[in-house]
Asks: 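Below is a structure I'd like to ask you about.
Letters go in sequence order (proteins before strands), and every chain restarts at 1.
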Amino acid sequence: MSKPRVIYWFRTDLRLHDSPALKAALDLEPECLYPIWTWDPHYVYRARVGPNRWQYLLDCQNDLSQSITRLNSKSKLLLIREAPQTLFPKLFKAWNVTHLVFEKDTDAYARERDEQVVALAKKAGVEVIVKTGRTLYDPDELVKHNHGKPTMSISQVQAAGKKIGEIARPIPAPKELPDPGNTDLHFEQEKPSNEPDINAIQRDGNEASYLSLAGPNGDFAVPTIEELGLKEVTTPHRGGETIALKMLDDIIADETYTATFEKPKTAPTAFEPQATTLLSPHMHFGSLSCREFYWRVQDVVSDFKGTASQPPTSLTGQLLFRDMYFGAQAALGYSFGQTYNNPQCRFIPWHLPSKIDTESGLITGDYLVDNAEADVYFKRWKHGRTGFPWIDGLMRQLKDEGWIHHLGRHAVACFLTRGGCYVDWERGAEVFEEWLIDHEAACNIGNWQWLSCTAFFAQFYRCYSPIAFPQKWDKEGNFIRKYVPELKNFDKKYIYEPWKAPIADQKKWGCRIQGEGSETSDVTLYPKPMFDFSTRREICIQGMKNAYHIGLYGNDPKVLNGTWRELFDDNAEGPTEGEKGPPGAMVECKDADGHEENGDNEPPSPKAVKKMAVKSEKKAGHKREASQSTLDNAVTRKKKKGAEIFPNETHFG
DNA sequence: TGGACGGTTGAATAT
DNA sequence: GATATTCAACCGTCC
């Protein structure tokens with residue numbers, strides 16, 4: 001009997017150390033092992049991926065390929081540019097494959113894809129081996145031991161984990177690898193459709209990833225950013241297992257840091273160096289195993305002489321949160337990523353709700369503008385032009401570097417949703433998906449639900465102040481001086497609220513506080529705050545209180561069919577007007593019009609807002625655009641400029 | 001059953 | 001300046 005001919009399919013496990021699936025492949029003692037990566041059009045065209053995360057992925061692939069070659073000079077990572085669903089049947093035949101091995105992936109899309117691939121393998125007579133390795137526990141096992149329910153708290157994860165048993169010790173990297181065997185591709189490439197191409201906005205060159213199966217040189221090489229047509233890479237953070245293991249070594253060498261780490265005490269304002277480990281993107285791409293991290297930390301903690309920190313605030317506690325979100329996603333599938341039809345997610349009538357495909361019950365990736373002012377808030381938030389230096393600094397760091405501290409993510413997420421803009425958390429999650437180099441769908445979705453108080457967390461009256469909160473760590477405002485350089489000369493007294501600085505001082509410090517964020521290149525200008533924070537906070541808290549009182553969840557029939565509006569006052573915050581409407585929080589009208597300008601640009605008090613809301617006119621057959629007529633006026637003016645500010649926002653509204 | 005309690009990371013004020 | 005208390009009051013879990 002001939003020896004196995006094995007394809008090892010790399011996906012979210014771009015490493016050689018502690019890979020249970022790779023070990024399973026090698027345990028077959030194969031005649032040949034093909035280490036492959038399939039260039040999935042889902043990632044190229046459908047998921048939101050900015051140039052920085054692309055670069056990180058390419059780093060990981062290059063490093064892995066070199067590591068493979070070090071173990072066997074005939075081998076490397078073979079990148080094949082076709083969708084796995086169409087490629088595998090041809091590949092099985094061409095390479096006479098007997099086994100396909102890969103690491104389990106419980107993401108909603110990945111499950112669908114892998115089910116298809118397994119079925120194709122079965123049809124071709126290829127044996128499939130799938131091993132869990134991405135998380136501390138198999139997410140499906142966590143769910144099973146949590147009474148079949150999504151894991152929604154750390155105590156549930158701990159209880160379920162206890163039943164599953166001890167977390168596995170890491171497996172050493174292989175010392176040798178079999179030859180890959182014949183790599184001829186004597187078959188036609190099936191080019192995937194690039195419609196819709198959600199990543200078009202990430203490119204300024206020609207996207208050439210599918211020109212040929214084995215790449216432009218026919219050598220299966222990792223593509224370049226240029227080949228993918230992507231815009232400039234700006235992050236200083238680089239990927240790859242070699243870097244990841246070095247970073248881990250450095251962390252572990254500092255025993256006190258490792259053993260006494262408490263996440264809530266780390267400073268979101270710290271840079272060079274940051275206060276946390278920066279290992280999250282390595283976890284995402286699998287260039288570092290979470291069990292490797294867990295046990296290296298745990299062994300330091302066990303030997304530590306002082307008082308070590310405990311989960312959930314300790315380093316290992318961070319991994320439990322990750323597993324919790326994976327467990328929630330594993331149980332809920334696609335519905336985890338949206339409010340609509342999600343039994344665990346509270347329904348809040350946020351502004352800028354997602355469009356819903358009523359056939360599938362899934363969000364489309366596009367959204368509706370129920371309120372022009374909220375859309376301006378959202379775009380100014382996204383591009384770091386809110387006029388709140390703490391928020392703008394974080395958003396600029398996110399856009400440029402692809403990483404911000406966890407508490408910084410809290411600050412901007414609270415601000416966009418329940419603590420300022422009252423904009424749908426799904427909008428924020430999409431921006432993070434686009435820009436974060438460590439974007440992990442489960443964790444990102446879960447954290448946005450947490451911060452928006454729609455799941456996992458409920459204390460919506462605990463609201464992050466963009467002025468007071470950062471001062472807990474950075475009274476001098478050094479973070480602001482780095483990421484909002486317009487304000488670098490401002491006195492610390494005004495650094496978090498520069499609009500309060502006297503005009504004479506503003507001139508002296510070389511930056512005037514004026515305008516609405518349209519001047520993006522002029523460093524002598526910084527915008528006025530886009531609203532009065534305490535006013536907006538009151539409006540939001542009232543809105544949350546009201547929505548909590550009504551108490552709907554995403555799978556409520558009234559949410560599914562749109563009759564939830566019967567339960568909300570027409571003047572409540574959000575697209576609440578009328579007794580009937582489209583499903584979810586969808587709205588029929590998109591653009592505000594016909595409002596007169598007045599010169600008053602001051603934010604209204606909560607009382608004034610209430611009064612204006614009562615006065616606002618209703619037009620028959622035409623939904624109200626915003627709850628406050630005066631705010632509409634201010635917005636109409638902003639909106640015209642807004643269209644010029646963000647010319648690239650083609651996929652929005 | 002209902003009341004106590006915990007919930008990784010608030011803010012303002014008092015000591 | 002650091003730490004404790006109060007603020008107003010949410011949810012889900014647990015006994």
Asks: Drop me the distance from A:I513's CD1 to A:E497's CD, to the nearest 0.5 angstrom.
Replies: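 Interatomic distance, A:I513 CD1 to A:E497 CD, rounded to 0.5 Å: 11.5 Å.
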
Asks: I'd like the P distance from C:dC7 over to B:dG7, given in whole Å.
Replies: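 Taking atom P in both B:dG7 and C:dC7, they lie 23 Å apart.
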
Asks: Nearest-Å distance, CD (A:Q471) to C1' (B:dG10)?
Replies: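 The answer, rounded to whole Å, is 14 Å.
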
Asks: Quickly work out the A:Q459 CD to C:dA9 P distance and round it to whole Å.
Replies: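 To the nearest whole Å, that distance equals 13 Å.
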
Asks: Name the closest nucleotide to the A:A468 side chain, picking from B:dA12, C:dC11, C:dC10.
Replies: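 Nearest nucleotide to the side chain: B:dA12.
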
Asks: Can we say A:E434 and A:K382 salt-bridge, meaning some charged N sits less than 4.0 Å from an Asp/Glu carboxylate O?
Replies: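 Yes.
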
Asks: In terms of side-chain geometry, is the basic nitrogen of A:R53 or A:E440 positioned less than 4.0 Å from the acidic oxygen of its partner?
Replies: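 Salt bridge between A:R53 and A:E440, a charged N being under 4.0 Å from a carboxylate O: no.
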
Asks: Just call it for A:W450: base, sugar-phosphate, or nothing, with non-hydrogen atoms closer than 4.0 Å on any strand.
Replies: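 Base, at least one base atom sits under 4.0 Å.
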
Asks: Is A:K472 near enough to B:dT9 that one of its side-chain N or O atoms lies under 4.0 angstrom from OP1 or OP2?
Replies: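 For B:dT9, OP1/OP2 do not have a side-chain N/O of A:K472 under 4.0 Å.
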
Asks: Can you check the A:Q158 CD to B:dG6 P distance for me, whole Å?
Replies: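 My rounded result for the distance is 15 Å.
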
Asks: Figure out the CD/C1' separation between A:Q344 and C:dT13, and round it to whole Å.
Replies: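 So the two atoms are 14 Å apart, to the nearest Å.
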
Asks: Using purine N1 to pyrimidine N3 plus N6-O4 or O6-N4 for Watson-Crick, or N1-O2 and O6-N3 for G-U wobble, both under 3.5 Å, which nucleotide pairs with B:dT8?
Replies: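 Result: none.
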
Asks: Base, sugar-phosphate alone, or nothing: which one does A:R418 contact when heavy atoms must sit under 4.0 Å apart?
Replies: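 Nothing: the residue A:R418, judged by heavy atoms under 4.0 Å, touches no strand.
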
Asks: Kindly confirm or rule out a cation-pi arrangement of A:R134 over A:F326, judged by NZ or CZ under 6.0 Å from the six-membered ring centre and within 45° of its axis?
Replies: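 No.
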
Asks: Between A:D392 and A:R380 (salt bridge meaning N to carboxylate O under 4.0 Å), is one present in this structure?
Replies: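 Judged by the 4.0 Å cut-off on N to carboxylate O distance, A:D392 and A:R380 do not form a salt bridge.
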
Asks: Closest approach to the side chain of A:Y553, judged atom by atom: which nucleotide of C:dG12, C:dA8, B:dT8 is it?
Replies: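 My answer, after comparing the listed nucleotides, is C:dG12.
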
Asks: Rounded to the nearest angstrom, tell me the gap between atom OH in A:Y464 and atom P in B:dA11.
Replies: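 It works out to 8 Å between those atoms.
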
Asks: Could you check which of B:dT8, C:dC11, C:dA9 has an atom nearest any side-chain atom of A:Q318?
Replies: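 Of the options given, the side chain of A:Q318 lies nearest B:dT8.
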
Asks: Can you tell me which nucleotide in B:dG10, C:dA9, B:dT8 comes closest to the side chain of A:F469?
Replies: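 The listed nucleotide nearest to A:F469's side chain is B:dG10.
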
Asks: Tell me the partner of B:dG3, counting only Watson-Crick (N1-N3 plus N6-O4 or O6-N4) or G-U wobble (N1-O2 and O6-N3) with both under 3.5 Å; none if nothing fits.
Replies: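 B:dG3 is paired, partner C:dC14.
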
Asks: For a quick check of understanding: with a heavy-atom distance under 4.0 Å over all strands, which category does A:K545 fall into, base, sugar-phosphate or nothing?
Replies: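 Sugar-phosphate contact only.
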
Asks: Heavy atoms only: give me the nearest A:A108-A:G333 pair and the separation to one decimal.
Replies: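 Smallest interatomic distance, heavy atoms only, reads CB-C, 3.8 Å.
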
Asks: I want to confirm an ordering. Mapping A:K475 and A:H549 to their closest nucleotides on DNA chain C, which one lands closer to the 5' end?
Replies: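 Per heavy-atom nearest nucleotide, the more 5' residue is A:K475.
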
Asks: In whole angstrom, what separates A:E476's CD from C:dG1's C1'?
Replies: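 Between C1' of C:dG1 and CD of A:E476: 15 Å.
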
Asks: Using a cut-off of strictly less than 4.0 Å, decide whether A:Q156 has a side-chain nitrogen or oxygen near OP1 or OP2 of C:dT13.
Replies: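 The answer is yes; a side-chain N or O of A:Q156 sits under 4.0 Å from OP1 or OP2.
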
Asks: Under 4.0 Å between any heavy atoms, over every strand shown, what does A:Y461 touch: base, sugar-phosphate, or nothing? Just pick one.
Replies: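 Counting heavy atoms under 4.0 Å across all strands, the contact made by A:Y461 includes a base.
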
Asks: In whole angstroms, how far is the C1' atom of C:dC14 from the CD1 atom of A:I154?
Replies: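 In whole Å, C:dC14 C1' lies 18 Å from A:I154 CD1.
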
Asks: Among B:dG7, B:dT8, B:dG10, find the nucleotide with the atom closest to the side chain of A:P312.
Replies: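 Per side-chain heavy atoms of A:P312, the pick is B:dT8.
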
Asks: Using atom C1' of each nucleotide, how far apart are B:dT1 and C:dC15 to the nearest Å?
Replies: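 So the two C1' atoms sit 11 Å from each other.
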
Asks: With rounding to the closest Å, how many angstrom separate the P atoms on B:dC5 and C:dT5?
Replies: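 Taking atom P in both B:dC5 and C:dT5, they lie 16 Å apart.
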
Asks: Please give, in whole Å, the distance from C:dG12 P to A:F460 CZ?
Replies: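 It works out to 12 Å between those atoms.
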
Asks: Consider the side chain of A:R462, meaning its heavy atoms from C-beta on, and name the nucleotide among B:dT8, B:dG10, B:dG7 that approaches it most closely.
Replies: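 Selected nucleotide (nearest to the side chain): B:dG10.
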
